[in-house]
Visitor: 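Could you have a look at this structure, given as structure tokens, before my questions?
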Number of protein chains: 2
Amino acid sequence: MGEDRTARTAVRTITDLARLAGVSPGTVSRALAGKSLVNTKTREKIEAIAREHGFRPNQMASGLRRQKTGVIGVVIPLGHDTRQQISDTFFMTLLGFLADELTLRGYDLMLRRVVPKDDADWLDRFIGSGMIDGVIVIGQSDQFDRIEEVADGYGPMVVWGNHAEGQRHCVVGTDNRLGGRLAAERLIAAGARRLAFLGDTTAIEFAARLAGAEDVAQRLSLPPIIELPAHLSPERASDEIARHLEAVMGRIDGIFAATDTLAALCLTALRTRGVAVPGDIKLIGFDDLPIASHTVPLLTTVKQDIAAGARGLVDLLLRRLAGEQTESLVLPPQLVVRQTA
Amino acid sequence: MGEDRTARTAVRTITDLARLAGVSPGTVSRALAGKSLVNTKTREKIEAIAREHGFRPNQMASGLRRQKTGVIGVVIPLGHDTRQQISDTFFMTLLGFLADELTLRGYDLMLRRVVPKDDADWLDRFIGSGMIDGVIVIGQSDQFDRIEEVADGYGPMVVWGNHAEGQRHCVVGTDNRLGGRLAAERLIAAGARRLAFLGDTTAIEFAARLAGAEDVAQRLSLPPIIELPAHLSPERASDEIARHLEAVMGRIDGIFAATDTLAALCLTALRTRGVAVPGDIKLIGFDDLPIASHTVPLLTTVKQDIAAGARGLVDLLLRRLAGEQTESLVLPPQLVVRQTA
DNA sequence: CGGTAAATTGCAAACGTTTGCAAGATTCCT
DNA sequence: AGGAATCTTGCAAACGTTTGCAATTTACCG
């Protein structure tokens with residue numbers, strides 16, 4: 001009964017709590033904030049009451065007053081292909097690591113997926129909402145210019161993506177060009193000479209991967225790499241891949257897929273038409289997603305260190321929040337040789 | 001130059017904007033809210049100025065005043081196995097669909113991953129933060145009781161997971177028991193008689209799947225199903241699976257894996273030891289993740305409709321926010337026959 | 001014990017928005 | 001033209017915290 005009575009007293013606000021403790025709201029605020037300006041005994045009493053009633057301060061009010069929210073925005077721009085990242089294991093895994101890393105650093109994560117094409121204002125709207133202290137953009141998609149503009153006037157932003165000479169926004173990402181070189185070199189070491197690149201190069205990360213491969217092809221005076229554009233969503237990609245193979249079969253002996261997902265689809269398509277891998281065609285992917293170690297034959301690929309990427313993103317963002325100027329962070333990819341090349 | 005001057009006038013608050021428009025803040029608020037109480041001409045003028053200066057109202061302040069934030073919390077409790085869901089494609093895909101669905105309905109998404117073991121207070125803390133209007137819990141993990149308690153005093157919560165007789169919290173999920181039946185029936189139809197279940201049954205969803213399979217085994221007077229517990233993270237699971245196979249090989253001819261991910265690992269392990277699938281052992285998974293259509297041989301599995309699940313979660317939550325009482329939603333799983341059984 | 005320094009508290013004004021109420025301006029009718 | 005009805009607008013009080021400043025209490029010292 002007595003317990004009932006105390007439990008019944010709803011104590012939602014710091015003022016309720018203050019009344020119960022017989023002090024002023026200000027004191028309660030200070031006590032809960034753990035500042036040293038309040039008497040130890042008072043603090044303990046207040047903490048006890050707070051615990052007993054399960055009191056939690058309203059973060060909205062706190063955020064408004066302090067002009068900071070403790071929330072980091074994470075935004076995934078869905079480019080050309082709206083359905084793109086939904087199936088994209090890479091981005092989702094990165095998101096998982098980001099959530100962990102941010103939690104660890106005491107921040108909450110607000111997720112937003114946007115379609116820039118329908119909503120030119122996507123980035124400013126998020127930043128201007130007053131809900132977030134900083135923003136992490138996952139993937140530049142085709143929004144490089146928009147991001148550059150924003151970066152001029154807004155500090156606490158870090159982007160996952162490709163690093164270009166002289167760009168103004170702070171980016172974390174794999175050295176895609178180097179990755180492309182590694183991939184091409186591996187294909188060639190495995191005996192391939194006439195290469196194709198599978199993937200849509202309007203995404204600048206992919207373009208950079210192709211460029212790296214082309215570096216190698218040129219250096220060795222191989223024929224130019226054939227581009228085979230493909231969407232990332234499995235439904236669409238399957239057809240596209242089939243058509244591409246139809247067209248180029250016999251003229252190539254090595255395929256560099258922009259993504260493990262594409263590589264896996266490609267592998268299936270090749271098997272369907274009875275093409276031996278790596279016998280007739282060598283194949284290499286990118287990312288080293290779980291799927292790469294489940295295909296038959298096992299997929300040779302270029303690994304991105306996703307956990308390190310997430311750590312880098314958060315680290316740089318928090319340093320920028322603290323007012324620091326930060327350079328971009330370019331992570332080295334790593335060749336993982338399995339069976340397809 | 002003129003443009004420079006106007007652009008320079010920082011207009012962050014509704015009051016700034018009011019001053020520029022020569023009206024009171026209240027009028028600006030009403031104009032921007034699109035209420036009909038303001039003169040068309042005034043509204044247009046205000047909207048023009050707002051657009052010109054890229055004004056966005058502060059959502060924190062708005063949220064505080066209106067006592068609603070337009071944000072839905074999504075929380076993933078990491079149970080027994082901390083690293084669990086990070087690699088779990090299923091949860092991540094669900095999250096992606098949730099993000100889409102919430103955006104569509106005009107809500108933002110706040111993501112939190114918690115380790116209940118280290119933080120008994122995880123759910124109340126999130127709810128009491130004042131930052132969210134409602135919460136979606138992805139996966140009951142081993143927190144069924146905690147969730148039940150909270151459900152008694154807090155309406156706007158919907159949980160992804162398993163539905164049990166007479167439970168008090170509103171849940172959306174696949175009929176796991178039925179799924180288990182479908183799986184067992186398929187294994188048996190393919191010729192298996194001595195079944196094993198691969199997965200950790202302290203997760204109640206998995207327990208229900210096993211229960212469904214046992215229903216069938218009992219009905220047909222087959223020997224009891226052998227349990228092979230395994231973690232979900234690939235690193236740990238591989239070893240565990242290898243050990244399990246070592247122990248039971250020759251005594252079973254059908255494996256029901258709790259998850260496609262486990263099934264894929266299992267398939268690899270079986271190939272390593274030269275066991276023919278489906279020749280010597282039939283195998284079936286659960287979920288129908290992308291990986292299921294990339295293994296060799298292709299994985300037979302029980303499909304969960306993730307998109308429908310996300311839609312259901314959001315729909316029920318919004319109805320609860322509107323004050324409605326809602327029943328749980330149980331989705332039918334669907335057998336997808338491929339090559340492993 | 002008087003007096004100063006330090007520690008502790010209360011007061012009240014912010015943070016930026018929304019909204020009930022009432023005042024002022026228009027419109028419309030007779 | 002006079003007055004009621006309807007539109008528009010402004011005023012000011014919230015929403016729940018935090019924090020500078022000042023007032024009060026306590027501790028300390030000679």
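Each chain gets a letter, A, B and so on, in the order its sequence line appears, and its residues count up from 1.
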Visitor: For B:Asp133 and B:Lys68, indicate whether the former's side chain and the latter's backbone hold a donor-acceptor pair under 3.5 Å.
Guide: no

Visitor: Give me the first and last nucleotide of DNA chain D, going 5' to 3', that has any atom under 4.0 Å from a heavy atom of chain A.
Guide: D:dG16 to D:dG20

Visitor: Near DNA chain C, counting only heavy atoms under 4.0 Å, which residues of residues 58-66 of chain B show up?
Guide: B:Asn58, B:Ala61, B:Ser62, B:Arg65, B:Arg66

Visitor: How many angstroms lie between atom CD1 of A:Ile72 and atom CG of B:Leu111, to the nearest 0.5 angstrom?
Guide: 13.5 Å

Visitor: Closest approach of B:Val172 and B:Gly309, non-hydrogen atoms and distance?
Guide: CG1-O, 3.9 Å

Visitor: Would you mind reading off the distance between B:Asn39 atom CG and C:dG24 atom P, rounded to a whole angstrom?
Guide: 19 Å

Visitor: Quick one, A:Lys117 and A:Gln143 - any side-chain contact, counting heavy atoms below 4.5 Å?
Guide: no

Visitor: Do A:Thr326 and A:Arg319 have side-chain atoms, one donor and one acceptor, less than 3.5 Å apart?
Guide: no

Visitor: Count the heavy atoms of every other residue, nucleotide or ligand shown that sit under 6.0 Å from CD of A:Gln325, and state whether that count exceeds 12.
Guide: no

Visitor: Assign each of A:Thr27 and B:Ser24 to its nearest nucleotide of DNA chain D by heavy atoms, then name whichever residue's nucleotide is nearer the 5' end.
Guide: B:Ser24

Visitor: So, are A:Glu149 and A:Arg146 salt-bridged, with charged N and O less than 4.0 Å apart?
Guide: yes

Visitor: Testing the basics here: between A:Asp108 and B:Arg112, what is the closest heavy-atom pair and its distance to 0.1 Å?
Guide: OD2-NH2, 2.7 Å

Visitor: Could you check whether B:Arg12 gets within reach of a base, just the sugar-phosphate, or nothing at all, counting any heavy atom under 4.0 Å?
Guide: sugar-phosphate

